[in-house]
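Atoms within a ligand are numbered from 1 in the order they appear, just like the ligands themselves. Residue numbers start at 1 and run along the sequence shown.
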Amino acid sequence: MELKNVKWSADQFLAVRDGVLKQWETGHNLALERAVEYQRSVPLAKRFADALLGAKEAGITLAQPRAGVATVEGQIELLLHLQQVGGADLLPVTIDSYTRQNRYRECIVGIEESKATGRSMLNGFPAVNHGVEGCRALFEAVGLPLQARHGTPDARLLSEIVLASGWTSNEGGGISYNIPYAKSVSLERSLLDWQYCDRLVGLYEEMGVRINREPFGPLTGTLVPPSMSNAVMILEGLLAAEQGVKSLTLGYGQGGHLLQDVAAIRVLEQQAEEYFRDGGYEVEVTTVFHQWMGGFPQDEAQAFGVVCLGAQAAALAGATKVIVKTPHEAAGVPTKEANAEGILATQQTLRMLRGQRMAPSPALEAEMELIRAETKCLLDKVHELGEGDYAIGAVRAFQAGVLDVPFAPSQHNAGKMLPARDNSGAIRYLEFGNLPFTQEIKDHNRALLEERARFEGRPVSFQMVIDDIYAVSKGTLVGRPEKVISTSRR
Ligand code: 8ZB
């Protein structure tokens, strides 16, 4: 099939579906009608889209962890701990790396060894291997809405299985689950495969079942300028809406600069709603704020500082939900106890800030205006390159470096753009590569970096980028030269 941003007909979808279900034995005999019937029996309290809308209307921020282990029993124990001890509002099932690469055969050994040793030998839950039977058993054992969280360029079979199992949200997208996660998968391929996932949700919608979809906002999680991730979010939102998705949660990864983080989430929600309205799509838009996705401090007390700053930014921005980090982040996959601690620290912060928002100010307005203008430059050019088609435009934009994600492993990403922090810690563009910004926007970014250079007594250079990548793990936000840090301490 040729990629274009047009809703797949039911016949087109069903023609592809047979091959998808044959990819692994748990997909055989998966009847859509029975899957929809099971979804209809899911109680309101376990419906993701309803929980998000409720939070948005109440003006509160929900907390959700990440969590995944190899076995159904282990996953139930883990999620019940996060629900009961951690006080999570929403539950995840983080999928393992083999499943994300469709390597289901290699999951078998991992599952067996995990059963034999009593500890997880996979870094997540292999939902395709467990099939509808295992995934429903998990769903029925917990008391909160369940979402698949992964990083899968081709998530078609995975999506079929988890939606047939009563899970009511699915994370991912054709750009956000390819460029940061894969080296050589083409964008045409991943965009088509995510059109399938979105069209599947569209079919559930046609049969009266609301399924939430969440593009992955943080991308590479490392110094991503807000306008770049917001542009990708709006783009993936538009593509999903075309396939019939009605409940969309757009994401953003904490940059660490409080005012810029608040600005980014606020303008993301506003600007997305404008694009969806102009596109003629009726969708429920909510937002998700990801606590710091970059390198973490090893020290657990310091890690809690990062977690709580993220919770604060999410609350002050008015994000609908926050994805929580843990004190074990620098070490790897957290224990269930450490995971619960991250949620407890987050919930304490959220409750103390309940009812508070960052007040409008000229500085906040200016930051929002800059992000909005940059995002519009990017999306206008995607539209132009695609001759009015956002799917074709997305492919051409990455080819041309018009969309460019920093530090991405994909060979389909130009990697010519470089970000760095300005003197107050906000993320700016240092190298523009082929980004289609106006001269005014380029000059403004440059001036802010020159201000930092003067303060630090060194030129704007790649060394700033490197220093910024490691700064948070070493205890600061801006990566200053050693002599600047020691003088400013005195
Ligand atoms: C792109 C997302 C990376 C984040 C966490 C990592 C990191 C990955 C699991 C997990 C709990 C898992 N993560 N796999 N957290 N359980 N199985 O996702 O630590 O924060």
Problem - Sub-4.0 Å heavy-atom contact, Arg149 with ligand 1 - result: no

Fill in the blank from the handout: Here the atoms of ligand 1 under 4.0 Å from any heavy atom belonging to Gly68 are 12 (C), 16 (N), 17 (N)

Completion exercise
Looking only at protein heavy atoms, what sits closest to atom 1 (C) of ligand 1 is Tyr181 OH, 3.2 Å

Practice task
For Pro334, take its heavy atoms, then give the atoms of ligand 1 lying under 4.0 Å from any of them.
Solution key: 11 (C), 15 (N)

Completion exercise
for atom 8 (C) of ligand 1, nearest protein heavy atom and its distance come out as Thr94 CG2, 4.1 Å

Exercise for the section: Check the angle between the aromatic planes of Phe216 and Tyr177 and answer parallel, tilted or perpendicular using the 30° and 60° thresholds. Expected result: tilted

Practice task
Report the member of Glu329, Arg66, Gln291, Glu171 with the shortest heavy-atom distance to atom 11 (C) of ligand 1.
Solution key: Arg66

Handout entry: Residue portion contacting ligand 1 (non-hydrogen atoms closer than 4.0 Å) for Asn123
Key = backbone

Problem - Ligand-residue contact atoms, ligand 1 with Val333, heavy atoms, under 4.0 Å - result: 12 (C), 16 (N), 17 (N)

Handout entry: Minimum side-chain heavy-atom gap Val69-Phe125 below 4.5 Å
Key = no

Exercise for the section: Decide yes or no for Glu77 and Lys336: does some side-chain heavy atom of the first lie under 4.5 Å from some side-chain heavy atom of the second? Expected result: yes

Problem - Ring center gap for Tyr281 and Tyr275 short of 6.0 angstrom - result: no

Problem - Thr99 side chain reached by Tyr104 side chain, heavy atoms, under 4.5 Å - result: yes

Practice task
Answer side chain, backbone, both or neither: which part of Pro65 comes under 4.0 Å from ligand 1, heavy atoms only.
Solution key: neither

Problem - Note: Arg210-Glu205 ion pair, threshold 4.0 Å (strictly below) - result: yes

Handout entry: Sub-3.5 Å N/O-N/O distance, Asn339 and ligand 1
Key = no

Handout entry: Residues Arg428, Asp422: salt bridge by 4.0 Å N-O rule
Key = yes

Handout entry: Close-contact set for ligand 1 against Met293 heavy atoms, below 4.0 Å
Key = 1 (C), 2 (C)

Practice task
May I ask you to decide whether Asp96 forms a salt bridge with Arg100, counting only side-chain N to carboxylate O separations under 4.0 Å?
Solution key: no

Practice task
Measure Phe296 to ligand 1 on non-hydrogen atoms and call it side chain, backbone, both or neither using the 4.0 Å cut-off.
Solution key: neither

Practice task
State the atoms of ligand 1, each with its element, that fall below the 4.0 Å cut-off from a heavy-atom position in Ala67.
Solution key: 11 (C), 16 (N)

Exercise for the section: Could you tell me how the ring of Phe432 sits relative to the ring of Tyr429: parallel (under 30°), tilted (30 to 60°) or perpendicular (over 60°)? Expected result: parallel

